[in-house]
Number of protein chains: 2
Amino acid sequence: MAGGTARSGRRATSADVAREAGVSRSTVSFVLNGTKGQTIPEPTRQRVLEAAARLRYAPSAEARTLSRGRSDVVLLYQPPQLPMTADMGALVEFLAAEFAEAGLTAVTHPWSRKPDGDVLTAITPVAVIAWDLPDDAVTAMRHNGVRAVISLTAESDPVAQWIWGTRENGIARLQVERLLSAGHRRLGYARPHDARLAEASEMRLKALRQACAAHGLPAPVAVSIPGDGEGARPAADAVAAWRELVPAVTGVCAHDDVAALSVLAGLREHGLAAPADLAVIGAGDSPAARLAVPPLTMVAVDMLVTARHLVAAVTSLLDGRPVPAGPEVTQVIERHSV
Amino acid sequence: MAGGTARSGRRATSADVAREAGVSRSTVSFVLNGTKGQTIPEPTRQRVLEAAARLRYAPSAEARTLSRGRSDVVLLYQPPQLPMTADMGALVEFLAAEFAEAGLTAVTHPWSRKPDGDVLTAITPVAVIAWDLPDDAVTAMRHNGVRAVISLTAESDPVAQWIWGTRENGIARLQVERLLSAGHRRLGYARPHDARLAEASEMRLKALRQACAAHGLPAPVAVSIPGDGEGARPAADAVAAWRELVPAVTGVCAHDDVAALSVLAGLREHGLAAPADLAVIGAGDSPAARLAVPPLTMVAVDMLVTARHLVAAVTSLLDGRPVPAGPEVTQVIERHSV
DNA sequence: CTGTTAGCGCCTTCAG
DNA sequence: CTGAAGGCGCTAACAG
């Protein structure tokens with residue numbers, strides 16, 4: 001059954017259904033698409049439906065979009081920059097569900113940095129959501145039938161503005177405020193060692209600086225933390241760097257769960273622990289953060305709400321309406337590392 | 001040059017390119033596709049290429065597949081059963097790259113269990129790789145133009161046989177042997193609490209039983225471990241259950257990294273630690289496993305090799321050749337929890 | 001209300 | 001070696 005090869009017969013077409021039901025192709029099209037403004041007598045309708053079922057008819061996606069001049073595929077252009085996390089997976093799942101609700105089909109394609117074998121040769125999406133797209137790629141897409149392009153790094157993109165202005169700022173603000181409320185006034189930023197995250201890290205740092213300034217705090221001390229490779233040694237060095245400052249850093253904002261875990265590992269190297277010797281607050285959430293020693297206090301991002309906003313943005317763009325204002329999506333999850 | 005022949009609103013078509021270059025549509029098709037058996041004079045070729053570039057021409061994916069009668073999209077039907085992990089993300093990335101090498105375009109779609117809004121209405125893939133597909137869905141796909149369907153839960157599927165026969169068995173065998181070589185003869189299995197993993201867990205348990213039997217060991221004692229939710233309490237109970245047995249379980253095979261992390265958390269509740277009080281070996285790998293206390297000894301699965309095998313399987317099926325034998329993909333990563 | 005007729009953009013014989 | 005013509009499966013005007 002599974003694992004076999006092609007069957008020999010041709011797949012049924014709408015013409016086959018029409019013949020089988022003894023009607024014309026347009027009638028078939030009308031009943032199968034529920035076209036309104038057309039009143040089809042019930043018996044005819046039934047005959048068509050039955051014929052379609054009998055023939056196991058499924059319309060050809062290509063022919064449909066070719067003829068309609070517009071597909072209903074939304075491409076999620078997955079960046080090589082971001083390692084896959086449970087959060088990301090959830091986002092994609094929510095996006096698929098919410099787009100389906102809107103009559104669109106979400107599909108992801110990991111972009112491997114080699115321009116070779118472009119997805120767009122194989123699929124013509126009606127909209128694209130991408131992390132980092134060169135400007136000429138954006139115009140090329142637009143030029144080639146993509147009606148809505150959202151680039152999360154383009155300054156002028158309203159969704160990008162939300163990501164950086166609301167989401168990232170929300171994370172930074174909540175991290176700083178939580179630490180502040182625990183009495184920490186000299187803060188650090190644990191930036192991911194992973195080079196792929198350099199750009200995202202830069203943005204976070206900017207947001208953290210702003211958040212600190214807003215509360216009259218000095219800029220956070222940024223230090224790279226190894227999230228990869230074996231050695232906890234560099235993590236220990238990072239912790240030492242913070243603690244040796246005068247005045248010493250007593251609270252750290254971590255870029256993500258892995259960075260937070262690394263800070264904990266670095267503390268352990270010195271025989272120290274959070275929050276007594278250094279408070280740590282992470283971002284994003286994951287099973288590993290829950291199971292850490294101590295369980296990590298995190299700023300979580302609501303992926304369902306995020307997905308809803310992205311879908312709203314895309315549909316608005318497609319309808320020629322302005323992109324709605326973005327919601328707040330961040331929230332502190334209290335655990336024991338602050 | 002030849003005077004803005006392409007109407008501005010519409011995207012350029014191959015006819016526009018032909019007009020712009022002063023040749024016929026077929027000539028355009030020939031040079032753009034490098035059709036062999038057709039000798040095109042170099043100057044003509046150049047003119048066509050330049051015209052295409054000038055017009056920013058990109059062929060219409062739909063028209064192409066419609067006309068060729070076969071698309072080059074491979075659909076990765078992502079199961080709602082499996083939470084997204086770094087490993088899975090890597091696999092998808094590798095698959096995309098390897099499929100591209102083979103001239104195919106991999107695309108994922110999270111399957112939301114609601115049959116509504118089927119992807120196949122929007123895309124006609126030439127092949128599908130899915131986790132769990134009802135038999136009738138498989139035949140329906142086959143019937144509707146999908147030339148190769150791989151269902152990872154269908155008994156008769158050669159790839160499924162590899163997954164369970166080689167990959168899962170490899171994980172189980174290496175876990176058992178590693179524990180055995182450290183002197184543990186009474187083993188436990190930490191099964192994930194997450195209900196979505198129930199089926200996968202059942203298969204793993206079966207493989208573990210076989211591996212134990214092969215070494216004359218009693219069957220492993222399976223206990224659920226909470227990977228979700230706050231409380232480490234149930235994890236502590238699980239650990240207690242193992243230790244109170246007579247003879248006591250002294251080594252545990254964890255289903256994945258999260259389950260392994262949970263066992264560590266359970267140990268901590270009792271003031272105990274791995275490996276002294278209970279040895280733990282996980283499966284899969286992740287940053288969190290590296291950063292655990294102690295760093296987790298794991299059986300890792302080589303995702304690149306896995307991806308290559310899947311691609312080979314699909315291309316073989318498409319060419320009507322038998323699926324090649326699957327490679328070994330498992331390996332022990334030594335750290336400090338055994 | 002139903003059937004006929006044109007395309008959608010491309011590929012692929014087949015003549016020239 | 002190039003151009004003309006037919007068809008892939010479907011939708012959407014337009015007749016009947």
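Note on naming: letters A, B, ... go to the chains in the order of the sequence lines (proteins, then strands), and numbering restarts at 1 for each one.
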Original post:
What's the CZ-P distance between B/R19 and C/dC10, to the nearest Å?
Top reply: 12 Å
**OP:** Select base, sugar-phosphate, or nothing to describe what A/T44 touches, counting heavy atoms under 4.0 Å on all strands.
**Re:** sugar-phosphate
**OP:** Can you tell me the distance, in whole Å, between the CZ atom of A/R45 and the C1' atom of C/dC1?
**Re:** 15 Å
Original post:
In whole Å, what is the span from the CG atom of B/L55 to the P atom of C/dC10?
Top reply: 11 Å
Subject >> B/D16 CG to C/dC10 C1', straight-line distance once rounded to whole Å >> reply: 13 Å
Original post:
Looking at B/R45 and B/E42, does any basic side-chain N land under 4.0 Å from a carboxylate oxygen?
Top reply: yes
Subject >> A/D302 side, atom CG; A/H309 side, atom NE2 - distance, nearest 0.5 Å >> reply: 13.0 Å
Original post:
Counting side-chain heavy atoms from C-beta on, which of C/dC10, D/dG9, D/dT11 comes nearest to A/R64?
Top reply: D/dT11
**OP:** Find the distance between CZ (B/R56) and CZ (B/R11) and round it off to the nearest 0.5 Å.
**Re:** 13.0 Å
Subject >> Distance below 4.0 Å between B/S67 side-chain N/O and C/dC11 OP1 or OP2 >> reply: no
Original post:
Does B/T27 make a side-chain N or O approach to OP1 or OP2 of D/dG3 shorter than 4.0 Å?
Top reply: yes
**OP:** Assign each of B/V23 and B/R68 to its nearest nucleotide of DNA chain D by heavy atoms, then name whichever residue's nucleotide is nearer the 5' end.
**Re:** B/V23
Original post:
Of B/F30 and A/A58, whose closest DNA chain D nucleotide lies nearer the 5' terminus?
Top reply: B/F30
**OP:** Mind calculating the distance between CG (A/L66) and P (D/dC8) to the nearest angstrom?
**Re:** 14 Å
Subject >> Length of the CZ-C1' vector between B/R25 and D/dT2, whole Å >> reply: 14 Å
Original post:
Could you give the distance from CZ (B/R19) to OG (B/S14), rounded to the nearest 0.5 Å?
Top reply: 9.5 Å
Original post:
What about A/S26: does its side chain form a donor-acceptor pair under 3.5 Å with the base of C/dT4?
Top reply: yes
Original post:
Roughly how far, to the nearest 0.5 Å, is the CD1 atom of B/I129 from the CZ atom of B/F99?
Top reply: 4.0 Å
Original post:
So what does B/S29 touch, heavy atoms closer than 4.0 Å: a base, only the sugar-phosphate, or nothing?
Top reply: base
**OP:** Mind calculating the distance between CG (A/L32) and C1' (D/dG9) to the nearest angstrom?
**Re:** 13 Å
Original post:
Which of these nucleotides, C/dT2, D/dT2, D/dC10, is closest to any side-chain atom of A/P59?
Top reply: D/dC10
Original post:
B/E62 has an atom CD; how far is it from atom P of C/dC11, in whole Å?
Top reply: 12 Å
